[in-house]
Protein chains: 2
Amino acid sequence: MSRVTIQDIAERAGVSKTSVSFAFNKPEQLSEATLTRILEVARELGFNPDPIASNLKTRRTGCIGILLPQPLPVIARNTHTMAFLEGVGAACQDEDLSVLLVPPQKGSLRRAILRAAVDGFLTLGLETFRETMQVLKQRGMPFVMVDSDPVEGISCVNIDDQGGAYAAMHHIVSRGHRKIAILGIRSGSFGHYRDYAGTLRRRIDGYQQALGEVGLSLGNRNVRLLECECDIEGGYDAFREVWSKRWHPTAIVAMADVLAIGAMQAARELGVDIPQEVALIGYDDISASSLVCPSLSTIRQPAMEKGRVATTTLIRTLKDAHAEPQHIVLDVQLVERQSS
Amino acid sequence: MSRVTIQDIAERAGVSKTSVSFAFNKPEQLSEATLTRILEVARELGFNPDPIASNLKTRRTGCIGILLPQPLPVIARNTHTMAFLEGVGAACQDEDLSVLLVPPQKGSLRRAILRAAVDGFLTLGLETFRETMQVLKQRGMPFVMVDSDPVEGISCVNIDDQGGAYAAMHHIVSRGHRKIAILGIRSGSFGHYRDYAGTLRRRIDGYQQALGEVGLSLGNRNVRLLECECDIEGGYDAFREVWSKRWHPTAIVAMADVLAIGAMQAARELGVDIPQEVALIGYDDISASSLVCPSLSTIRQPAMEKGRVATTTLIRTLKDAHAEPQHIVLDVQLVERQSS
DNA sequence: TTGTAAGCGTTATCAT
DNA sequence: ATGATAACGCTTACAA
C-alpha cells in the first residue's frame with residue numbers, strides 16, 4: 001500500500017486535484033457538496049496533504065531555525081538559553097510557527113544552515129559570525145542575529161553586555177576586592193581573550209573598564225581569567241582548579257550564572273565560605289540564581305524578552321522582505337544578593 | 001535575480017543536472033576535473049542544493065519532531081523537559097539529526113502533526129494520546145511515545161512513575177505526616193483526578209498506594225490535591241492558596257520539582273519553615289533541586305537518559321521500519337535531602 | 001564517467 | 001465552482 005496522494009483522492013471523488021487542494025486550503029471556494037464529498041473520501045483513505053511537497057511549492061515551511069553555537073546537549077543545559085527559547089516560543093505562538101533547533105552538523109554550522117528547511121534563522125551568540133553571515137546571505141534567507149556584534153544592514157538584538165559586565169566588576173572592586181578570578185566562557189579563541197568577539201568581547205571590555213578604574217587589568221598578576229565549559233560542571237571544575245593553587249582570589253566574577261553556581265557547589269564541598277572568604281557574582285540571573293544558597297548576586301538580562309524581540313523582528317522580515325533592519329539593545333540590571 | 005538552481009549550474013558548467021547533483025551528494029562518482037569545475041561554478045553563483053526539494057525527492061528531512069503537550073513557553077520553563085531534550089540532542093548528534101519542537105497549533109496537536117516536515121516523532125507526556133496516536137498512524141510516521149500509557153505495538157519509554165510516587169508518599173507518611181497536600185499537574189482532566197491517564201494516573205496511583213497503607217486516601221479530608229500550572233509560579237500560587245485556608249498540611253508532596261521549588265519560595269515569604277512546619281518532597285530531581293535551600297528531597301528520574309533512549313529507539317525504527325516495538329521502563333530513586 | 005528523463009506531491013495560473 | 005497543466009528544485013534509474 002503506497003502513499004495516498006492528492007491524485008488518489010481526486011480520482012476517487014471524481015474531481016480534479018485542484019479541487020482537492022482547495023478542500024484543504026481554500027474550502028470556501030468549493031460548493032458545500034463537493035467539499036464534503038472530498039473531505040469524506042480523504043478521511044476514508046486517511047489522506048492529508050504532504051507538508052514537504054507543500055513546502056516546496058509554496059516556498060514556506062512555517063518554521064524558523066535557531067542556529068546554535070554548540071551541540072544541543074550543551075545548549076539544553078543552559079537555563080539562560082532556555083529562557084531565550086521561552087521568548088521565541090511566545091512570539092511564534094501567534095503565527096503558528098514551529099522552532100527548529102539547528103546545532104552544528106559534524107562541527108560545521110555551514111552544513112547545518114544549508115540543510116535546514118526553514119523560513120528564517122535566529123542566530124545565537126555566534127563567534128564566527130562573519131563566516132556564518134556569509135552562508136546565511138548565500139542562502140538568501142532572512143535572519144536576525146542575537147548576541148553578536150552588530151552589523152550594518154542586518155537586524156541584531158543584543159543586551160548591554162559591556163554595561164552589565166562593568167556593573168558586576170565595579171560592584172566587586174568597590175567592595176575592596178583586589179584579587180579576582182574571572183570565570184569566562186570557553187570559546188573558539190580559547191586562551192586568547194584579546195581575540196574575543198561579540199558578547200564575550202564586550203563583557204571583557206566592561207570588566208576591564210571597571211578594573212582599570214582601580215588600577216587593575218586582566219594582564220595583571222591578581223586578575224586571572226579561566227575559560228570554562230559553559231555549564232555547572234564547568235564552573236565547578238574551575239573553582240576547584242583555582243583553589244588548588246597557591247594564589248587565592250577574594251572574589252570571583254563569572255560570565256554566566258551557571259558557572260557561578262557550579263563554583264558555589266565546589267566551594268561548599270571545599271568548605272570555602274561564600275561570601276566570607278570569596279565573594280561571587282554571576283551574569284544572566286537565571287531562575288536558579290535566586291534559589292541557591294547563598295543567593296547569587298548577578299546581572300539580570302531579559303533573556304526571554306530577547307527571544308521575543310528577536311523573533312518578532314524576524315517575523316516582520318519574513319512578512320516584508322524590505323523591512324528596515326533594526327539594531328536593538330536591551331538593558332541589564334545589577335541584582336545584589338547574598339553571594340557578594 | 002531569481003533563485004539559482006541546479007539547472008543554472010549545469011548549464012554554466014556545461015554538464016547535466018545529474019552531475020551537479022553528484023557533485024554535492026556523491027562526489028566520488030565524478031572525475032576530479034568535472035567535480036572541481038562544478039563546485040567552482042556553484043561557488044561563483046552562490047548555489048547550494050535546496051533542502052526542501054531534496055527532502056521531497058528523498059522523502060527524508062533529517063529532522064525529528066518532539067510533540068509537546070503544551071505551548072513552547074511553558075515547556076521551556078520546565079527544567080525537566082530540558083533535561084529530556086539534552087538526551088534527545090545527544091542521540092541526534094551522531095546521526096546529524098535536527099530537532100523540531102512541535103507545540104500544538106491553535107491548540108490542536110493534530111494540525112501540528114500534519115504540518116510538520118519530519119522523519120518521525122517523539123511524543124512527550126500526552127494526555128489525549130489515543131487521538132494523537134491515530135493521527136500519527138494516519139501520517140504513517142514512526143513515533144515513540146514517552147511518558148504515556150504503554151500501547152501494544154508501539155515503542156514506549158516510561159519511568160517507574162508509580163514506584164516513584166509510592167516512594168515519595170511512603171517517605172512522607174512513614175515520618176508520621178497525616179495532613180498532606182499534593183501539588184498536582186494541571187491537565188485536561190482538571191478537577192477530576194480519577195480521569196487521569198498516563199504519567200499522572202500512575203503517580204496518583206502510587207500516592208494512593210502509600211496513603212492506603214496508613215489508612216488515608218485522596219478522597220480523605222486530610223489529603224488534598226491541588227492542580228497547578230506546571231512551573232515555579234504554579235507551585236508558588238498553590239502554596240499561598242493552601243496556607244490561606246484554615247486547614248494546614250504538615251507535608252506537601254509535589255508532582256514536579258518546579259512546583260516544590262515554587263512552594264518553597266512562597267513558604268519562605270510567608271515565614272513558614274521547611275521542613276519544621278511543613279515537610280516537602282518533589283519529583284524529577286532537576287538540577288536546581290540540590291541547590292535550593294533547604295535542598296529538596298525528591299524522586300530522581302533519569303530525564304536525560306529517557307530522552308536518549310527514546311531517540312535511539314526512534315532512530316532504530318527510522319532505519320528499519322520493521323524493528324520490534326520496545327517497551328522500556330527506567331528506574332527512579334528516592335533522594336532524601338533537607339526539605340523533608 | 002556522464003547524460004536523459006521520469007518522477008516526488010503539491011500549489012498556482014489560467015481557462016472554462 | 002471546477003479543471004487542465006505547468007511549475008517547484010531536486011534525485012535516481014537507466015542508458016550511453
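Any value given below was found using the heavy atoms of this structure, including those in side chains, with hydrogens, waters and symmetry copies removed. Chain identifiers are assigned alphabetically (A, B, ...) following the order of the sequence lines, protein sequences preceding nucleic acid strands; residue numbering begins at 1 within each chain. Given the structure is predicted, the values throughout are model-derived calculations rather than measurements.
Annotation for A:Arg130: atom CZ does not count as buried by contact number, only 12 or fewer foreign heavy atoms lying within 6.0 Å. Other residues, nucleotides and ligands place more than 12 heavy atoms under 6.0 Å from the CZ atom of A:Arg201.
Spacing between atom CD1 of B:Ile52 and atom P of D:dT11 amounts to 13 Å, rounded to whole angstrom units. When the C1' atom of D:dC8 is taken as reference, atom NZ of A:Lys17 falls 12 Å away, rounded to whole Å. Put simply, CD1 on B:Ile38 is 13 Å from P on D:dT11, counting in whole angstrom units. Between A:Ile6 atom CD1 and D:dA4 atom P there is a gap of 14 Å when expressed in whole angstrom units. One can place NZ of B:Lys26 at 16 Å from P of D:dC10, the figure rounded to the nearest angstrom. Per the geometry, NZ belonging to A:Lys57 stands 16 Å off P belonging to D:dT5, to the nearest Å. Atom CD1 of B:Ile9 is separated from atom C1' of D:dG9 by 12 Å (rounded to the nearest Å).
In this structure, the nucleotide among D:dT2, D:dC10, D:dT12 sitting nearest to the side chain of A:Phe22 is D:dT2. Of the candidate nucleotides D:dC10, D:dT12, D:dT2, D:dC10 has the atom lying nearest to any side-chain atom of B:Pro49.
Between A:Asp50 and B:Leu30, the residue anchored closer to the 5' end of DNA chain C is B:Leu30, taking for each the nucleotide with the nearest heavy atom.
In this structure, A:Arg59 reaches the D:dG9 phosphate: one of its side-chain N or O atoms is under 4.0 Å from OP1 or OP2. Close to D:dT11, at under 4.0 Å from its OP1 or OP2, lies a side-chain N or O of B:Ser21. An OP1 or OP2 oxygen of D:dG9 is reached within less than 4.0 angstrom by a side-chain nitrogen or oxygen of B:Arg3.
Of all nucleotides in DNA chain C, those with any atom nearer than 4.0 Å to a heavy atom of chain A start and finish, going 5' to 3', at C:dG9 to C:dA12.
The two residues B:His327 and B:Ile154 make their nearest non-hydrogen contact at NE2-O, 2.9 Å. What you find for A:Ile113 and A:Arg139 is that their closest heavy atoms are O-NH1, 2.7 Å.
If you check every strand for non-hydrogen atoms under 4.0 Å, A:Asn48 touches sugar and phosphate atoms only. Residue B:Phe24 is out of contact with every strand shown, counting any heavy-atom pair closer than 4.0 Å. Across all strands shown, A:Asn25 has heavy atoms under 4.0 Å from sugar-phosphate atoms exclusively, and none from any base.
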Pairs of donor and acceptor atoms involving the side chains of residues 65-73 of chain B, under 3.5 Å and at least two apart or interchain, shall be tabulated with distances.
none

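The pair A:Arg12-A:Glu44 meets the salt-bridge criterion, with a side-chain N (NZ, NE, NH1 or NH2) lying under 4.0 Å from an Asp/Glu carboxylate O. Taking a cutoff of 4.0 Å between a charged side-chain nitrogen and a carboxylate oxygen, A:Lys106 and B:Asp96 qualify as a salt bridge.
For D:dT12, its base sits under 3.5 Å from the side chain of B:Thr18 at one donor and acceptor pair at least.
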